[in-house]
Amino acid sequence: MADYEFNRIEKKWQKRWLDEKTYAAVTGDTTREKFYALVEFPYPSGQGLHVGHPRPYTAMDIIARKRRMQGYNVLFPIGFDAFGLPTENYAIKTHIHPREVTKQNIATFTSQLQMLGYSFDWDRAVDTTDPDYYKWTQWIFLQMYKNGLAYKASMPVNWCTSCKVVLANEEVVDGVCERCGAPVIRKEKSQWMLKITEYAERLIDDLDELDFIERVKIQQKNWIGRSTGANVKFATTAGDDLMVFTTRPDTLFGATYMVMSPEHAYLDKWADVISNMDEVRQYQVEAGKKSDFERTELAKEKTGVKLAGVEAINPVNGKKIPIFISDYVLATYGTGAIMAVPAHDTRDWEFAKKFDLEIIEVVEGGNVDEEAFTVKDDSGIMINSDFLNGMTAKEAIPAMIQWLEEHDVGSKQVNYKLRDWVFSRQRYWGEPIPMVHCDKCGWVPLPESELPLLLPDVEDYEPTDNGESPIAKMTDWVNTTCPQCGAPAQRETDTMPNWAGSSWYFLRYMDPNNSEALVGKDAVEYWNQIDWYNGGMEHTTLHLLYSRFWHKFLYDIGVVPTKEPYAKRTSHGMILGEGGEKMSKSRGNVVNPNDVVNEFGADTLRLYIMFIGDFEKAAPWNPTAVKGCKKFLDRVWKLGCEKLEGDLSYSAANEKEIHKTIKKVSEDIDKMKFNTAIAQLMTLVNQFNQNKPSRGDLKVLLELLSPFAPHIVEELWEIQQFDEKMACQQPWPEYDEEKTVDSSVEIAVQINGKVKSKITIPMDADEDSVYEAVMADEKIQKATDGMNIIKRIYIKNRLMNIIVKPQ
RNA sequence: GCCGGUGUGAUGGAAUUGGUAGACGUGCUUGACUCAAAAUCAAGUGUCUUCGGACGUGCCGGUUCGAGUCCGGCCACCGGCACCA
C-alpha cells in the first residue's frame with residue numbers, strides 16, 4: 001500500500017483543477033439551475049492568510065462542491081479587497097509603493113487559498129485596486145452625485161488622531177478607532193457624504209423578505225434605529241417656532257420645559273433676545289471640546305444653561321415653559337431640540353431634579369417623585385391631560401397626533417438613528433474621488449469618458465497633520481481645468497474609504513472583464529441575486545449595510561434587476577486561540593494555516609476547521625484534536641487503497657448505514673451542520689472497519705467525503721479507477737428513505753416516567769404487542785408487582801411509559 | 001440602561017425540536033503488537049453507591065405520564081447599541 005503522502009497528492013490535484021479549469025462556472029448553460037455562492041473577499045494583508053479565513057471559505061466550498069455535484073451551474077468566485085490602511089502604513093515604513101506591496105500580498109494569498117484546495121473560479125478574480133475595476137467604483141460615485149445622493153458638507157466628523165483620517169460612524173467603537181484603537185475626536189471638516197439615510201426605510205423594510213439569520217436583521221434594524229412619533233411645534237417668545245420630535249406625543253401635557261442642543265442654529269439667531277448669551281457661549285465651547293467618548297463617559301451628570309429672556313409655549317395648554325441648552329440633546333438627531341417630560345423620561349427626570357423643575361405626572365402608576373415612570377407597554381392610563389384623560393397611552397398617541405394636525409402644530413413623524421455616510425478619507429491608498437472644484441462652477445463631476453481617474457504616484461505617503469490627503473502635494477495632478485467651463489480648477493484630493501470597492505464587487509464577478517459596463521445585462525440577468533452569502537458578524541452594520549444601499553441605488557437607476565443583492569446571509573463564529581482568547585500577535589497564540597497544512601495536509605485542516613464545533617459559534621483551536629481528523633483520513637486512505645473487486649452495489653452489511661449517511665450528510669451540509677456530517681462519516685468509516693466495504697460502498701463514501709476532503713478523495717478515486725471523470729464531477733449520491741430505517745429498534749420502558757428497562761421490538765410494532773413484550777420483561781414485572789396500572793403511554797419506536805400506583 | 005445570544009462529562013461538542021442525555025472527536029485507563037517507545041489495533045471511561053439502585057444538562061420554582069428542550073423568577077459569561085427624545 002502506498003503511503004498517504006498528502007503533500008504530493010494535494011499539489012497534484014490542485015494543479016489539475018487549475019489546469020483543467022474544473023470549477024469554472026458556465027454562463028448560459030440554461031439546462032442547469034444557477035447557484036451563486038459568495039464569501040467575503042479577503043483584505044490581502046502582509047501577514048498572509050489567518051486560520052480565521054478557512055472557516056467560512058471551507059464551509060462555502062463544501063456547499064459549492066455539493067451543489068455542483070447536484071447539477072447546479074455554480075458561481076463561486078474570489079477576489080481581493082486591496083485598498084486600505086495597513087498596506088499604506090507598510091508603504092510609509094518601507095517606502096515600497098503600495099501597488100507593489102499589494103501585488104506581493106495578492107500572490108501570497110492566492111497561493112495560500114489554492115493550497116487549501118478551494119474550488120474558486122480563478123479566472124473571475126477581481127482586485128479593487130485595479131484601474132479597470134475602480135473605474136466602475138468611480139462611475140457609481142458619479143451616478144450617485146448626479147442623482148443627488150453624494151454631496152459635500154462641512155460638519156463635525158470623527159477624526160482618528162493616529163490614522164489622521166476621518167472615520168464613518170460605523171468605524172468608531174467605544175469612542176476609539178475601530179482599527180488602531182486611538183482616541184477619536186470631533187473635528188469640523190468638509191467631507192463627501194453619501195445619503196444612505198434616504199434609503200433608511202427600505203433598508204429596514206426589505207429585510208423582512210430576506211433569508212438572513214435573525215441576529216443580522218436585528219442588528220441592522222437597531223443600527224438604522226427607526227422610531228415613530230410626532231413633530232410638535234412650540235411657539236416661543238422670541239418669535240420663531242421651535243420644532244421637536246417625540247415618540248410620546250401623548251405625554252405633551254407633562255412637558256414642563258424644553259432643551260435645545262448646544263449647536264442649535266436658533267441660539268445665534270436669538271443672540272439679541274437671550275440676556276445671558278455669555279453663559280450660553282461658554283457652555284457651547286465646553287460642549288464642543290468634548291469628544292464623543294467624553295460625552296458618553298460623563299453621561300451620568302446632567303449639565304445645562306437656562307436661556308434667559310426666551311420662553312416656549314406648550315401648544316396644548318398655552319403654558320409658558322423655560323428653555324435650556326444641554327449636551328444631552330444631540331444636534332444630529334430629530335430636530336436638535338426636545339420637549340422634556342420629566343415624569344416619564346429618565347434623562348429629563350434627572351435634569352429636572354438637578355435644576356429643580358416642575359414634574360407633572362400624566363401617566364398613572366408610578367411614583368414620579370422617586371423616579372421617572374417610563375411605561376413600555378403602552379397600557380398606562382392618562383391623567384392630568386385634559387381630553388386624553390382615561391385613555392391608555394396606545395389610544396392617546398393617535399388622539400394627540402390628530403389634535404396636533406387639526407391645530408396645525410404638529411404631525412406624525414418617523415425618525416432614524418442612521419446618519420449619512422462620511423465617504424472621504426485623507427489618505428493615499430484608495431480610489432480617487434472623480435470630482436473637480438472650480439471657483440466659478442463649484443463641484444463638477446469628471447466626464448465618464450475620463451474614467452478611470454488614476455491614482456497618481458506620490459513620493460511620500462505620510463498623512464498630513466492639517467488633515468489633507470498626501471495627494472494634495474501632487475500639484476501637477478491636482479491642478480486641472482474645469483470640465484464645465486475650462487477655467488483652472490482643482491481635483492478633489494481625498495480618496496474613497498475601503499468600503500467603496502467592496503460595496504459592489506459581487507456584481508463584477510458576474511462579468512469581470514466587461515469594459516463597457518460594470519456588469520453586462522445578460523450576465524446580471526442570469527446570475528441575478530447571490531443565493532447564499534456567508535461572512536462575519538463584524539460587517540453587519542458596515543459592508544453588509546453599505547452594499548445593500550449601493551445595490552438598491554443601482555436597482556433604482558436600472559443597472560441591476562433585483563432590489564436586494566443577497567437572498568441569504570449566514571455568519572460563522574470566530575476561531576479563537578487555544579485558551580479561548582482572541583488570536584492576536586501580541587498574545588502569541590496565532591495559528592498559521594501553512595504550518596497545519598505542512599504537518600497534516602490541507603484535507604485535515606479543512607476537516608478539522610469544520611469539525612471544531614457549531615459553525616455559528618466561536619470555537620477555540622485545539623492542536624491535539626487536529627490529529628483526530630488526520631487519523632480519520634489515514635483510515636480512509638487505508639480502506640481506499642485496498643484493491644476491491646465486484647460491481648458497484650452496496651454490501652448488505654453496510655447498506656443501511658450508507659443510506660443513513662447519505663441522508664445525514666446531505667441535510668447537514670444544507671443546514672451548515674458540518675460537524676455532525678463529519679461525525680456521521682466517521683461512524684460510517686468505523687463500520688467499514690468492522691464490515692469490509694464493497695466497491696460500491698467505498699465509492700459512495702468517497703463521493704460524500706469529496707466536498708470536505710477533495711484531494712485524498714480524488715487520489716483514491718484514481719487508484720480505484722471508478723470513473724474517467726473525477727470524483728468532484730460525479731452526481732451527488734441519493735438515498736432511499738425506506739432503507740435508512742432499521743428492522744428492529746430498542747425502546748425505553750419507563751415506570752412513572754423513569755427508565756427502568758430497555759427492550760428490542762420490531763420497527764413500527766403496534767402498541768398491544770409492545771405492551772405484551774414489556775410486561776414479559778423481568779425488571780418491569782418486578783417494578784409493577786403489587787401495583788395498579790393506571791395508564792400507559794406509547795411513543796412509536798421510542799418508548800413506553802407505564803403509570804402505576806400502589807394498591 | 002436597552003437589544004440579542006450562550007450555559008450539557010476531564011475537554012471540543014451531539015441530542016430526531018417535549019420522548020432512552022452525553023453521538024463523533026480529544027484526553028485518560030487497560031490490553032495486544034514491540035527489547036522499548038511512538039504509531040496502529042481492541043476494550044473501557046458522567047457522578048455517587050451498601051451493587052438493589054440513587055442522582056445528573058448554571059440556580060430556584062412551575063406545567064406535563066415525561067423537560068437539556070416549554071413557562072415564571074434569578075445568576076454568570078459573550079456580542080451589539082447607548083443621553084437617539
Side-chain angles (χ1 to χ4, degrees), chain A residues 173-174 214-223 225-227 229 244-248 251 255 258-259 261 292 295-296 298-302 326-330 332-341 344-348 350-351 374 376 415-419 537-538 540-541 573-574 580 607-608 611-614 616-629 631-632 634-635 638 664 667 673 675-683 685-686 689 745-758 782 790-804:
Chain A
V173 178
D174 291 333
E214 209 49 36
R215 55 197 172 123
V216 167
K217 289 191 183 183
I218 290 166
Q219 223 166 287
Q220 287 205 346
K221 279 182 189 169
N222 288 346
W223 182 260
R226 171 156 60 196
S227 39
V244 300
F245 171 71
T246 175
T247 56
R248 295 297 304 272
T251 61
M258 301 189 77
V259 187
S261 76
D292 268 5
R295 274 206 185 191
T296 33
L298 301 169
K300 281 130 218 162
E301 189 65 10
K302 296 278 180 290
S326 174
D327 63 4
Y328 88 86
V329 174
L330 306 175
T332 45
Y333 185 74
T335 64
I338 60 156
M339 64 177 215
V341 184
H344 306 289
D345 180 283
T346 313
R347 294 152 306 182
D348 297 346
E350 283 167 12
F351 192 87
T374 53
K376 280 172 208 130
N415 264 335
Y416 297 91
K417 282 199 257 184
L418 189 68
R419 294 296 125 76
M537 279 309 284
E538 70 276 15
T540 303
T541 54
M574 234 191 310
L607 211 56
Y608 173 66
F611 189 60
I612 196 166
D614 187 334
E616 289 207 351
K617 287 188 205 138
W621 184 265
N622 180 349
T624 58
V626 180
K627 282 191 296 190
C629 290
K631 247 158 53 177
F632 167 68
D634 285 338
R635 284 183 203 136
K638 219 154 63 187
K664 180 90 179 135
E667 290 174 354
K673 299 215 137 219
N675 52 341
T676 49
I678 293 167
Q680 180 59 37
L681 287 166
M682 288 172 168
T683 305
V685 167
N686 289 345
N689 277 319
V745 63
E746 190 188 55
I747 67 161
V749 184
Q750 300 179 332
I751 302 292
N752 292 345
K754 301 223 165 182
V755 180
K756 291 288 172 189
S757 183
K758 291 172 187 182
K782 218 163 137 189
I790 308 230
K791 94 191 225 201
R792 65 186 200 226
I793 292 137
Y794 178 54
I795 306 296
K796 199 163 104 182
N797 301 329
R798 294 255 83 103
L799 58 78
M800 176 164 279
N801 188 7
I802 313 278
I803 312 303
V804 297

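In the text below, chain A, chain B and the rest are named by the order of the sequence lines, each starting its count at 1. Any value given below was found using the heavy atoms of this structure, including those in side chains, with hydrogens, waters and symmetry copies removed.
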Participant: What is the separation between atom CZ on A/R798 and atom P on B/G18, rounded to the nearest whole Å?
Facilitator: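 From A/R798 CZ to B/G18 P: 13 Å.
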
Participant: Over all strands shown, is A/D348 touching base, sugar-phosphate only, or nothing at heavy-atom distances under 4.0 angstrom?
Facilitator: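 The residue A/D348 makes no contact with any strand.
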
Participant: Taking for each residue the nucleotide of RNA chain B bearing the nearest heavy atom, is the 5' side occupied by A/G628 or by A/I338?
Facilitator: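 This one resolves to A/G628.
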
Participant: Between B/A15 and B/G4, how far apart are the C1' atoms? Round to whole Å, please.
Facilitator: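 Pairwise C1' distance, B/G4 against B/A15, rounds to 25 Å.
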
Participant: Side chain of A/D614: nearest nucleotide among B/A14, B/U20, B/C65?
Facilitator: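 So the nucleotide nearest the side chain must be B/A14.
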
Participant: Just checking A/K627: base, sugar-phosphate only, or nothing, at a heavy-atom cut-off of under 4.0 Å?
Facilitator: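 Touches sugar-phosphate only.
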
Participant: The side chain of A/Y328 lies closest to which of these nucleotides: B/G4, B/C83, B/A85?
Facilitator: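 Within the option list, the nearest is B/C83.
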
Participant: For B/A32, what is the paired nucleotide under Watson-Crick or G-U wobble rules, both distances under 3.5 Å?
Facilitator: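 Matched B/A32 with B/U40 under the 3.5 Å cut-off.
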
Participant: Considering only atom C1', compute the distance from B/A76 to B/A32 and round it to an integer number of Å.
Facilitator: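 Result for the C1' pair: 47 Å, nearest Å.
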
Participant: When all nucleic acid strands are considered with a 4.0 Å heavy-atom cut-off, which category describes A/I803: base, sugar-phosphate, or nothing?
Facilitator: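 Counting heavy atoms under 4.0 Å across all strands, the contact made by A/I803 is with sugar-phosphate only.
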
Participant: Rounded to whole angstrom, note down the C1' distance from B/A23 over to B/G68.
Facilitator: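 Roughly 15 Å separates the two C1' atoms.
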
Participant: Checking all strands, does A/Q750 fall into the base, sugar-phosphate, or nothing category for heavy-atom contacts under 4.0 angstrom?
Facilitator: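 Base contact.
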
Participant: Does the side chain of A/K754 get closer than 4.0 angstrom to OP1 or OP2 of B/A54 through an N or O atom?
Facilitator: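 No, A/K754 has no side-chain N/O under 4.0 Å of OP1/OP2 on B/A54.
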
Participant: More than 12 foreign heavy atoms under 6.0 Å from NZ of A/K754: is that the case here?
Facilitator: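 12 or below, so no.
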
Participant: Counting the atoms with a prime plus P, OP1 and OP2 as sugar-phosphate, which does A/E746 contact under 4.0 Å by heavy atoms, base, sugar-phosphate, or nothing?
Facilitator: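 Answer is base: heavy atoms of A/E746 come under 4.0 Å of a base.
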
Participant: Work out how far the P atom of B/A54 is from that of B/U64, and round it to whole angstrom.
Facilitator: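 It comes out at 24 Å once rounded to the nearest Å.
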
Participant: Is the backbone N or O of A/V804 less than 3.5 Å from a side-chain atom of A/N752, with the two atoms forming a donor-acceptor pair by type?
Facilitator: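 The answer is yes, because a donor-acceptor pair under 3.5 Å joins these two groups.
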
Participant: What's the CG-P distance between A/L799 and B/U16, to the nearest Å?
Facilitator: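 Taking atom P of B/U16 as the reference, CG of A/L799 is at 15 Å.
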
Participant: I need the CG-C1' distance between A/L330 and B/A85, as an integer number of Å.
Facilitator: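 Whole-Å distance recorded here is 9 Å.
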
Participant: Nearest to the side chain of A/I795, heavy atoms from C-beta on, is which of B/U20, B/G19, B/C24?
Facilitator: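 Among the listed nucleotides, the one closest to the side chain of A/I795 is B/G19.
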
Participant: Can you tell me the base-pairing partner of B/G79? Count Watson-Crick or G-U wobble geometry only, both distances below 3.5 Å, and say none if there is no partner.
Facilitator: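 Pairing partner, where one exists within any strand: B/C3.
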
Participant: What nucleotide among B/A85, B/G80, B/U40 has an atom nearest to a side-chain atom of A/K638?
Facilitator: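 Side chain of A/K638 sits closest to B/U40.
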
Participant: Let me know the distance between CD1 of A/I747 and P of B/C65, rounded to the nearest Å.
Facilitator: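 Those two atoms, CD1 and P, are 20 Å apart.
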
Participant: Taking atom P in both B/U69 and B/C60, compute the distance separating them and give it to the nearest angstrom.
Facilitator: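 My reading of the P atoms in B/U69 and B/C60 gives 13 Å.
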
Participant: For a quick test of reading the model, state the closest non-hydrogen atom pair linking A/R419 to A/Y333 and the distance between them.
Facilitator: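 Smallest heavy-atom distance, with atoms named: NH2-CD1, 3.4 Å.
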
Participant: Which part of the nucleic acid, if any, lies within contact of A/I793, taking any heavy atom under 4.0 Å across all strands shown: a base, the sugar-phosphate backbone alone, or nothing?
Facilitator: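 Touches a base.
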
Participant: Less than 3.5 Å apart, any donor N or O on the side chain of A/Y608 or A/N622 sitting next to an acceptor on the other?
Facilitator: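 Side chains of A/Y608 and A/N622: no pair found under 3.5 Å.
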
Participant: Would you kindly give the NZ-to-P distance between A/K631 and B/C24, to the nearest whole Å?
Facilitator: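 After rounding, the gap between these two atoms is 14 Å.
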
Participant: Considering only B/U26, B/G66, B/A23, which nucleotide approaches the side chain of A/N801 most closely?
Facilitator: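 So the side chain of A/N801 is nearest to B/G66.
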
Participant: Taking the minimum atom-to-atom distance to the side chain of A/N675, which one of B/G13, B/G25, B/G80 wins?
Facilitator: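 Between B/G13, B/G25, B/G80, the one nearest the side chain of A/N675 would be B/G13.
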
Participant: Give a yes or no answer on whether the side chain of A/D348 reaches the backbone of A/V341 with a donor-acceptor pair at less than 3.5 Å.
Facilitator: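 Looks like yes, one N/O pair under 3.5 Å.
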
Participant: How many Å lie between CG on A/D634 and P on B/U26, as a whole number?
Facilitator: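 Taking atom P of B/U26 as the reference, CG of A/D634 is at 12 Å.
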
Participant: Counting only side-chain nitrogens and oxygens, does A/R635 get under 4.0 Å of the OP1 or OP2 atom of B/C41?
Facilitator: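 True: A/R635 side-chain N/O within range (under 4.0 Å) of B/C41 OP1/OP2.
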
Participant: Using heavy atoms to find the nearest nucleotide of RNA chain B for A/R419 and A/A679 separately, return the residue whose nucleotide is more 5′.
Facilitator: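 Here A/A679 is the residue nearer the 5' end.
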
Participant: Ignoring hydrogens and geometry beyond distance, is the side chain of A/K302 in donor-acceptor contact with the base of B/C83 at under 3.5 Å?
Facilitator: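 Such a pair exists between side chain and base.
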
Participant: Give a yes/no on whether any side-chain N or O of A/K617 is located under 4.0 angstrom from OP1 or OP2 of B/G13.
Facilitator: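 A/K617 to B/G13 OP1/OP2: no side-chain N or O under 4.0 Å.
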
Participant: Across the strands shown, which category fits A/S227 at heavy-atom distances under 4.0 angstrom: base, sugar-phosphate, nothing?
Facilitator: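 Since only primed, P, OP1 and OP2 atoms lie under 4.0 Å of A/S227, the category is sugar-phosphate.
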
Participant: When the distance from CZ of A/F611 to P of B/G25 is rounded to whole Å, what number comes out?
Facilitator: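 Those two atoms, CZ and P, are 7 Å apart.
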
Participant: Nearest to the A/W223 side chain among B/C81, B/C24, B/A85, which nucleotide is it?
Facilitator: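 The listed nucleotide nearest to A/W223's side chain is B/C81.
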
Participant: Name the nucleic acid region contacted by A/K756, choosing base, sugar-phosphate or nothing; use a 4.0 angstrom heavy-atom cut-off, strictly under.
Facilitator: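 Sugar-phosphate: the residue A/K756, judged by heavy atoms under 4.0 Å, touches backbone atoms but no base.
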
Participant: According to the Watson-Crick and G-U wobble definitions, with both distances under 3.5 Å, which nucleotide is paired to B/G27?
Facilitator: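 WC or wobble partner is B/U45.
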
Participant: Between B/G25 and B/C59, how far apart are the C1' atoms? Round to whole Å, please.
Facilitator: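 Those two atoms are separated by 31 Å.
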
Participant: Quantified in whole Å, what is the P atom distance between nucleotide B/U57 and nucleotide B/U50?
Facilitator: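 Per the computed distance, 23 Å lies between those P atoms.
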
Participant: Is there a side chain to side chain contact (heavy atoms under 4.5 Å, CB included) between A/R635 and A/K631 once you walk through the steps?
Facilitator: CA-CA 6 Å; A/R635 284 183 203 136; A/K631 247 158 53 177; 4.1 Å; yes

Participant: What nucleic acid atoms does A/N222 come within less than 4.0 Å of, heavy atoms only: base, sugar-phosphate, or nothing?
Facilitator: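 Here A/N222 touches the backbone only, sparing every base.
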
Participant: Using Watson-Crick or G-U wobble geometry with both distances below 3.5 Å, tell me the partner of B/U64, or none.
Facilitator: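 Per the H-bond distance test, none.
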
Participant: Please classify the nucleic acid contact of A/R226 as base, sugar-phosphate, or nothing, using heavy-atom distances under 4.0 Å.
Facilitator: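 A/R226: no heavy atom of the nucleic acid under 4.0 Å.
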
Participant: Check every strand shown and say whether A/I218 touches a base, only sugar-phosphate, or nothing at a heavy-atom separation below 4.0 Å.
Facilitator: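 The residue A/I218 makes sugar-phosphate contact but no base contact.
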
Participant: Identify whether any heavy atom of A/N686 sits under 4.0 Å from a base atom; if not, whether one sits that close to sugar-phosphate; answer base, sugar-phosphate or nothing.
Facilitator: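 Sugar-phosphate, backbone atoms only, no base.
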
Participant: Kindly say whether A/T541 contributes a backbone atom to a donor-acceptor pair with the side chain of A/Q219 at under 3.5 angstrom?
Facilitator: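 Checked: no pair found.
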
Participant: In the structure shown, which nucleotide is the Watson-Crick or G-U wobble counterpart of B/A85, with both distances under 3.5 Å?
Facilitator: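 For B/A85, the partner nucleotide comes out as none, under the 3.5 Å rule.
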
Participant: Applying side chain to side chain contact (heavy atoms under 4.5 Å, CB included), run through A/D634 and A/K638 and close with a yes or a no.
Facilitator: CA-CA 6 Å; A/D634 285 338; A/K638 219 154 63 187; over 6 Å; no

Participant: For A/Y328, is the NZ or CZ atom of A/K302 found under 6.0 angstrom from the centre of its six-membered ring and inside 45 degrees of the ring axis?
Facilitator: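 Pair A/K302/A/Y328 counts as cation-pi.
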
Participant: According to the Watson-Crick and G-U wobble definitions, with both distances under 3.5 Å, which nucleotide is paired to B/C51?
Facilitator: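 With both distances under 3.5 Å required, B/C51 matches none.
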
Participant: Can you measure A/L607 atom CG to B/C24 atom C1' for me and round it to whole angstrom units?
Facilitator: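 Atom CG in A/L607 sits about 12 Å away from atom C1' in B/C24.
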
Participant: For B/U69, which nucleotide is its Watson-Crick or G-U wobble mate, given both distances must be under 3.5 Å?
Facilitator: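 Pairing partner, where one exists within any strand: none, as none qualifies.
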
Participant: For A/A340, report the nucleic acid contact type (base, sugar-phosphate, nothing); a contact means any heavy atom under 4.0 Å.
Facilitator: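 A/A340: no heavy atom of the nucleic acid under 4.0 Å.
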
Participant: Quote, to the nearest angstrom, the C1' distance that separates B/U45 from B/C24.
Facilitator: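 That atom pair is separated by 15 Å.
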
